[in-house]
Every structure is written in C-alpha cells, then in structure tokens.
Amino acid sequence: MKDPTMRTTGHPFNPRNSRRAFLRGLGVAAGLSPFVPLLNASAQENVFPKRLVLFYTPHGTILDAWKPTGTETNFTFGRILAPLEKHKSKLVVLNGLAIPDKGVGAPHTKGPSLLWSGSTLLDDGTFIRSDGSGGPTYGWNSAPSVDQTIANVVGTKTAYKTLEFGLRCGGSNPASRMIYTGPKQPLPPRDDPYAAFAQLFANLPNAGGKPMLDKLTAQRKSSIDIVKSELDSLRPRASAADREKIDAHLTSLRSIETRLTAQIGAACNAPMLGTKLDSKATANTPTIFDRGIDVMVASLACDLTRVTSFQYRVGDNDGTVYTWLNAPEHHITTHSGDSDTAAREYMLQIYSWYSERFSYLLDRLDAIPEGNGTMLDNTLVVWGSEIGKGNTHSYQNVPFILAGGLSGSIKTGRFLNFPSGTMHNRLLVSMCNLMGLPDIQTVGNTDTGTGPLPDLV
C-alpha cells in the first residue's frame, strides 16, 4: 500500500519535520538549508549576517557607581553608565559575573586572556614579571579566544575572518593581548586608525575607486544566486504545493537581491578620519580612540568582516595620564584605598569616559539602516574588562554589558542580576550559541559548569 505521507518526489514528508529534514527530502544540500526557509516565508526578510563586536576597557569598575538600581525592566543608571541612557532599550546589563581566578601570571597579565577565552596562560616560563620581582613565570594563552571560534562559522564569507583594533595596547606580551587564534597564537590589534584605513579602504569609491565595492556586492549576491539555482533545479521534482512555496521564495530572493545591492552601496563608505594625528601622543587619545571605532564600524558596514574587537590599553600600567579629563594615570589610581575620595572622583571620570566611548560605538552602529532597524539591531556587542575591582584585583563582579540583540535573538532593555560568582564562561557559551554554535556548552579550561547564561535569550 502506498504510504500516504509520500510526496511526488518519492521522499517521506511530515509537516512537523524540521525545515532541514524537508529540504533533505527534496534534495537540497544541508549547507544551504539556512538560506531557504521553505516552511517560513517571513524568515526570508531577515537576511542580514550575524556580527560580533568585542569591546574592552581595563581595570574593572567601581561597582556601586556602575551597577544600575531598580528591577529587570525598570532600572536607572548611575553615574558611570549614564552616557548610555539613549541606548538603554538596546542593552542588557549583566551583574554578578566572575572570571575564574586560575592559572599563572599576575592579575592584569592573565586577566585579558581569561576574559574572552576562559582559558589560562601556559606555565612555560616564556615571560617573567616586568618588574623583575621574581614572580611566577608564564607564557601565551593555552586556547583560542571565543571570537575566533565563532569566526570559524560566521567569518568564512568575508575578506577577513576577523579584524582586531585597539589603542595604546602595549608591547608584545600576554598582558597586552586578548585575542588568540589558538594556543600561543596571539593576534595584535591595529592600533593606528590611519594605517588601518590605508590597508582596508584604499579602493572604496570616496577613496579613489570602486573595485572593492563591486567585489563586496558580488560576494553578497553570490549566496543568493546559489540558492536560486538550487530552487530552480528542485522545482520540477516538487509537488504543486511545494512549487508554490518555491516560486514565492524565488520572488522573495529577487527582492532581497535588489535590496542588498542598494544597501551595501549606501552603507559601505570609507570613514572620514580628517587630518592625520600622531596616534601615540597622549593628547590625541580621545580623537584616535573614536577614529579607530570609525574604521572598525566601516569594516562591518562593508562586510569586510563580521567578527571584530576593540581593545583600549592593556591591563598593566602603560603610563598614560588622562590629561583631557584632568585625571592621573588609571592603573596606579585604581590601587588607592576605598576611602580616598580624590582617587574615587578621578576613577569615576575615567570610567564614565569609557562609557562615552562605548556609547559612541553604539551611535555609529545605530546610524546604519538595515531592514526595519539598524546594524546595531543585527549585531551582538559585548563590553567587558579583565578584573572587577582595581585595588583588590578581584575577579568578582566583573562589569559586562551586551548591546544589539542579533535581530531579536536577545530581549534587550534589561538589567540582569546573577548570583555572585556566576562564571563568566556561561556568557562565553551564550555568545557561541547566539552566533550559530548551539552545540558548544563549555568554553575554556577554567569552565567547571555547562550551558549558557539563564534568562538571557
């Protein structure tokens, strides 16, 4: 007796099956299934790529001035986060997370690598304490940072799998590096925005030509062309009902193709950096910081990369005096006692300035239209630090903020309190899951738990 669930293709079909199973039944390659949601026509409207941005500033925070007050959805920012008020509806503030204090190296040395990898520095004696005090020796990180793991999935279609940016990031040692492609493989950030501009944007239309723009447009269209070809080949073998779905999606794909062509032309513009400044001069720090953000955001808008990071300074003392804030060097000031009101005021100014820079990053992402929202709405931005509190070098209550939402994957406009000491590895797992790696449940050799952060998605 003929199986009533058989379609004209000769493959069993159950309407409750997943889209991927259905496509497999029709003969579509599994790798193409994310592009062809035959059972959900509305999903075709979300054609924008997933993007990840990591943002780092040093020395933790002052918790009582950083932590919002109120409830999960009705909360008020204190002094440090006040510059983020206009972006409040697109943020998730995370309180209570802790970086596992494990492995060799001084706090500011091991913190940057633990932050994004959840893994310890190698105990191989490559480096010694810079002050010659005979502290524990240490080496480079023992594992890749999470952005590099994610880029292996979402970064394969772009000219650069990842792009690293920064400012005043110090020398070549573990205290100055937070991004790793693998064990002992640190990636240095581009800490001169003018040099980065010359490398990445020399061929854009308003910088002397349009070859790269044409290439980017072609790359964006290529995936759609492949899917259209697959659908055309499937049509003769599909049932009448399935042919209607295929025809509807071919129409949708043609619309998407037109929309993408127009959008990349509008969004992909070389950043305007103005007169070249000395990126190493302390007085130029605020301007150079923002110009680095401009180059980073432009690299996303032009689809040069979908995974990027920005690192300001290093965990250890780099000697920068915050003259533009009339404040002293940050690292030494964080070592002051809690009762030192003058030092506290200086730190509040510095931490608030960090929030202003993060707000500027969100401004730039939010200024680029995409679909019914902006590039920020389709991006996951994560701001973190290497420790929680400067004068104790505590890894508890490390400040983390998420921005964006990945096309609605994260419910934003929230302040989430987690039990004190919740491992930040749970956040790293969440990042992987949200960016398309659902099978990852642990991250790093410090992880003693499993799964993502609860209630985040």
Side-chain angles (χ1 to χ4, degrees), residues 54 56-63 97-146 166-180 183-189 191 309 311-322 328-338 340 343 346-347 350-351 354 384-400 421 423-425 428 444-448:
L54 304 183
Y56 164 87
T57 55
H59 309 313
T61 193
I62 299 176
L63 185 63
L97 302 190
I99 295 176
D101 184 3
K102 296 183 179 181
V104 295
H108 294 298
T109 299
K110 61 185 178 181
S113 57
L114 282 166
L115 172 61
W116 301 125
S117 74
S119 292
T120 57
L121 298 176
L122 292 167
D123 186 8
D124 64 5
T126 302
F127 299 92
I128 61 172
R129 291 176 62 94
S130 59
D131 61 8
S133 63
T137 59
Y138 52 89
W140 294 110
N141 203 349
S142 55
S145 49
V146 70
L167 176 60
R168 307 188 69 83
C169 296
S172 181
N173 60 77
S176 66
R177 297 291 177 260
M178 66 178 195
I179 303 300
Y180 289 78
K184 299 185 179 182
Q185 298 176 49
L187 279 179
D191 58 4
S309 59
Q311 173 187 347
Y312 177 62
R313 295 186 58 196
V314 298
D316 215 335
N317 179 14
D318 75 348
T320 300
V321 177
Y322 287 62
E329 197 280 328
H330 190 192
H331 178 234
I332 297 301
T333 307
T334 64
H335 286 194
S336 302
D338 291 345
D340 189 332
Y346 286 137
M347 288 189 289
I350 293 171
Y351 289 127
Y354 291 164
S385 192
E386 88 284 10
I387 59 173
K389 191 171 187 285
N391 60 3
T392 63
H393 292 139
S394 170
Y395 288 96
Q396 299 295 309
N397 295 313
V398 177
F400 285 100
M423 297 178 68
H424 93 300
N425 306 69
L428 301 181
N445 61 17
T446 65
D447 199 349
T448 58

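Since this is a predicted model, take the numbers as computed values, not measurements.
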Just verifying a value: how many Å separate [X] [atom1] and [Y] [atom2], rounded to the nearest 0.5 Å?
X: Asp191; Y: Cys169; atom1: CG; atom2: SG; value: 5.5 Å
X: Tyr346; Y: Thr334; atom1: OH; atom2: OG1; value: 15.0 Å
X: Thr333; Y: Asp340; atom1: OG1; atom2: CG; value: 9.0 Å
X: Leu114; Y: Asn445; atom1: CG; atom2: CG; value: 8.5 Å
X: Asp124; Y: Thr137; atom1: CG; atom2: OG1; value: 7.5 Å
X: Met423; Y: Tyr395; atom1: CE; atom2: OH; value: 14.0 Å

Measure across [X] and [Y] and return the closest heavy-atom pair with its distance rounded to 0.1 Å.
X: Ala143; Y: Ser119; answer: CB-OG, 3.3 Å
X: Pro174; Y: Gly139; answer: CG-O, 3.4 Å
X: Pro112; Y: Met178; answer: O-CB, 3.5 Å

Answer whether the closest heavy-atom distance between the side chains of [X] and [Y] falls below 4.5 Å.
X: His108; Y: His59; answer: yes
X: Asp338; Y: Asn391; answer: yes
X: Trp116; Y: Pro144; answer: no
X: Lys389; Y: Gln396; answer: no

His393 and His335 aromatic centres sub-6.0 Å |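 Yes, the ring of His393 comes within the 6.0 Å limit of the ring of His335, centre to centre.
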Establish, yes or no, whether a centroid distance under 6.0 Å links the rings of Tyr56 and Tyr312.
->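 Not close enough - the centres of the two rings lie 6.0 Å or further apart.
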Parallel, tilted or perpendicular: rings of [Y] and [X] (30°, 60°):
X: His330; Y: Tyr322; result: perpendicular
X: Phe127; Y: Tyr138; result: parallel
X: His424; Y: Phe400; result: parallel

Any sub-3.5 Å donor-acceptor pair from [X]'s side-chain atoms to [Y]'s backbone N or O?
X: Ser117; Y: Ser113; value: yes
X: Tyr354; Y: Thr61; value: no
X: Gln185; Y: Leu187; value: no
X: Ser145; Y: Ile179; value: no
X: Ser336; Y: Ala343; value: no

Qualifying residue, where the test is side chain to side chain donor-acceptor pair (under 3.5 Å) with Lys110 and the options are Asp101, Asn141, Thr120 |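 Passing option: Asp101.
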Is Arg313 salt-bridged to Glu386, going by a charged N under 4.0 Å from an acidic O?
->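 Glu386 and Arg313: not salt-bridged.
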Can you tell which of Ile387, Thr446, Val398 makes a side-chain contact (heavy atoms from CB on, under 4.5 Å) with Ile99?
->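 Considering Ile387, Thr446, Val398, a side-chain contact (heavy atoms from CB on, under 4.5 Å) with Ile99 is found only for Val398.
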